[in-house]
Structure formats: C-alpha cells, structure tokens
Amino acid sequence: MKETSVLCLLFLISLLSCTTNQARLTVSPSSSQFFEGDFVSLSCEEDDSSAGWTLRRNTSKRQRTQCGDGWGKPAGSFCKIRYMYPWDDGVYWCESREGPISNMVNLTVTGGSVILQSPVLPVMEGDDVTLLCKTKTTPSNLPAAFYKDGSLIRKQPTGHMTIQHVSRSDEGLYKCDISGHGESPSSWITVTDKHTTTPPPTSTSPPVLSVLSFFGSVCVGVLLALLVMLVRRCVHRKPDGEIQIIHIQCSV
Ligand SMILES: *[C@@H]1O[C@H](CO)[C@@H](O)[C@H](O)[C@H]1NC(C)=O
Ligand SMILES: *[C@@H]1O[C@H](CO)[C@@H](O)[C@H](O)[C@H]1NC(C)=O
C-alpha cells in the first residue's frame, strides 16, 4: 500500500517533468544574413507536437508578432518568408503555449550588395566554421577581407574563410568587405561548450533549462517503467478496495 503511493507519486512527478520539452528553431538556407528579396524557411523542430509551438519575432517596429500576423506564411511546422525586406531584420524564436522558448536567432536583411554567410546556430567548440562573403550581383566568389570585432583578421582570395577548431576566443562580431562592392552587416558567432548537446537557450537561466530538457528525454523511459510496475501491482492484487485507492491517488 505504501509502496504503491510512492510509485504513484513518482509517476506524477515524471509526468510533470515530461511536459518540459523543448523546440529548436532552424533556418534554411542556413545563414544569419540575407539580401533583400531572398527566400527563407524557418522551422520549429519540436520534441512534442502537442505543445503547440509558434514562431515569433521582434523587429524594430513590432514585438512578439507570430508567423502569419503581417509577415511570413505558416506551412505545417514551417514558416516561409518569400521575399525578405530590410524590416524583417530581427530576433526570431519559437514559443509554446506553456511559455518555454527555443533558441533565438538574429536574422539580418540588407538592402546592400554584400552579405556574410555565417552559422545561424551556435557552433560547437572544436568544429570547423566556414564564413562566406557574397555579393548580390556577382555569381563567382571575389576576394574578401574578414573582420572580427572591428579588426581585420584575414584577406582571402576566394571570399571564404575557414576557422579550424573553433574555441571560445573565436566568439565575436564578424563582418566582411569586398572591395568595390561594399561591406556586409555584422553578425555574432556564438561558440558553445563541447559537452552541450542542445544549443544553450539564450534566456536568463540556461543551466535550469538544460536540466529540464535532460529530464524531458529521460522521463519517457522512467514513465514506462513506473507504469509497468503500477500495472503489475494492480494485477497481482485480489480485486478488493486497493485498486480503487490506487485509482484515486493517481488521478489527482
Ligand atoms: C521582444 O520584445 C518584448 C517586448 O518589447 C520583450 O519583452 C522581449 O524580451 C523581446 N524578446 C527578445 C527575444 O528580444
Ligand atoms: C542578437 O543581436 C544582439 C544585438 O546585436 C546581440 O546582443 C545578441 O547576442 C544576438 N543574439 C544572438 C542569439 O545571436
């Protein structure tokens, strides 16, 4: 009887931790900068579709607007923006009804003629990262200069630059310049710890959120095990009052 109560309690706790699933916002093509007129597709990849994730954004003009509300076209779990305008510039994230949010991404749209294609999601320590400096009008890659935090770091004849085995010190604000065409906007490159499997949520309490997402993935297994134990206890009992007690305690 006491054991059953403990099992019920564990079951409820696991059930609660199961509701803290997370979504991941992905951007295709994978770039944080776009030319005016580019097409982009955003997606909330979710652990649990019942959570009802919506894509939202803040721009300089309007805050917390969701896809379809004056911008973008929802299509299943995607949000498609057919023609990016400079005022689509902003921070984008996925949000569930219950409140948790995904990673955020900054998208920059330029009316200019040069962009820096840099990773839109945080890169993992030790990975190689390739930056591409592109013009709107020239199909082939031109020589480009790359800057980090305002200082020239490299000049590359082919317009792309690879940073091998990125470390924390590579984190910063990058831009590029193609002579005769102009300068790209700046974008942040964020480097995460090798041991983090999900991108760290940029909210106020990353450790808490990663703990919660850990429970989210473990709890399905725990739930199943507890359920099996509960059912076995019920089945092994003679049909007296005990089953009803179990029922009442679990349906709180
Ligand atoms: C978006 O704007 C709202 C309202 O100004 C603000 O509270 C929120 O922190 C902003 N979110 C992001 C991700 O910048
Ligand atoms: C987005 O841009 C703002 C301002 O440039 C910066 O402070 C912030 O860290 C960026 N966020 C991400 C997720 O890159």
Side-chain angles (χ1 to χ4, degrees), residues 22-34 38 40-46 51-72 79 81 84-112 114-125 127 129-133 146-151 153 163 166-177 183-193 196-210 212-213:
Q22 273 194 301
R24 189 179 158 90
L25 170 58
T26 58
V27 180
S28 174
S30 182
S31 176
S32 48
Q33 295 186 7
F34 296 89
D38 279 353
V40 67
S41 171
L42 302 142
S43 169
C44 296
E45 288 173 3
E46 50 207 318
W53 294 91
T54 48
L55 181 70
R56 291 185 185 274
R57 76 176 191 186
N58 279 1
T59 61
S60 59
K61 288 205 178 82
R62 295 179 69 200
Q63 274 80 48
R64 281 181 53 80
T65 53
Q66 77 180 64
C67 178
D69 177 14
W71 63 275
C79 176
I81 307 178
M84 295 280 272
Y85 289 100
W87 55 84
D88 289 316
D89 215 287
V91 50
Y92 292 71
W93 71 93
C94 300
E95 191 176 308
S96 85
R97 270 179 307 233
E98 290 83 32
I101 55 170
S102 67
N103 55 311
M104 300 175 204
V105 300
N106 281 337
L107 298 186
T108 304
V109 188
T110 179
V114 178
I115 57 168
L116 174 69
Q117 277 194 336
S118 61
V120 63
L121 297 177
V123 291
M124 208 172 290
E125 225 174 351
D127 284 356
V129 174
T130 298
L131 307 178
L132 178 62
C133 196
F146 291 86
Y147 297 82
K148 174 179 182 267
D149 300 322
S151 324
I153 47 169
I163 310 170
V166 290
S167 66
R168 284 278 177 170
S169 62
D170 293 311
E171 206 166 74
L173 198 57
Y174 287 78
K175 68 177 179 185
C176 68
D177 179 50
E183 197 170 84
S184 74
S186 296
S187 281
W188 274 97
I189 294 180
T190 311
V191 180
T192 58
D193 223 59
T196 329
T197 47
T198 47
T202 34
S203 74
T204 46
S205 53
V208 172
L209 281 184
S210 47
L212 287 180
S213 82

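Just so you know, these numbers come straight off a predicted model, no measurement behind them. In each ligand, atom 1 is the first atom listed, and ligand 1 is the first ligand listed.
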Closest approach of any protein heavy atom to [atom], naming residue and atom:
| atom | value |
| --- | --- |
| atom 13 (C) of ligand 1 | M104 SD, 3.4 Å |
| atom 10 (C) of ligand 1 | N58 ND2, 2.3 Å |
| atom 5 (O) of ligand 1 | Q63 CG, 3.4 Å |

Worksheet item: Are side-chain heavy atoms of V129 and Y174 found at a separation under 4.5 Å?
Response: no
Practice prompt. Please could you name the atoms of ligand 1 that W93 approaches to less than 4.0 Å, counting only its heavy atoms?
Written response: 11 (N), 13 (C)
Item to complete: Check each atom of ligand 1 against the heavy atoms of V91 and keep those under 4.0 Å away; list them by number with element.
Response: 14 (O)
Discussion item. Working note: W71 + C67, criterion side-chain contact (heavy atoms from CB on, under 4.5 Å); need CA distance, chi angles, decisive distance, verdict.
Written reply: CA-CA 6 Å; W71 63 275; C67 178; 3.9 Å; yes
Worksheet item: With no hydrogens and no angle check, do the side chains of S41 and S28 hold a donor and an acceptor under 3.5 Å apart?
Response: no
Worksheet item: Just checking, any donor-acceptor pair under 3.5 angstrom between side chains of W53 and S102?
Response: no
Practice prompt. Output, in order, the C-alpha distance, side-chain angles, deciding distance and verdict of side-chain hydrogen bond (donor to acceptor under 3.5 Å, both in side chains) for S187 and Q33.
Written response: CA-CA 8 Å; S187 281; Q33 295 186 7; 2.9 Å; yes
Worksheet item: Based purely on interatomic distance, does N106 place a nitrogen or oxygen under 3.5 Å from a nitrogen or oxygen of ligand 2?
Response: yes
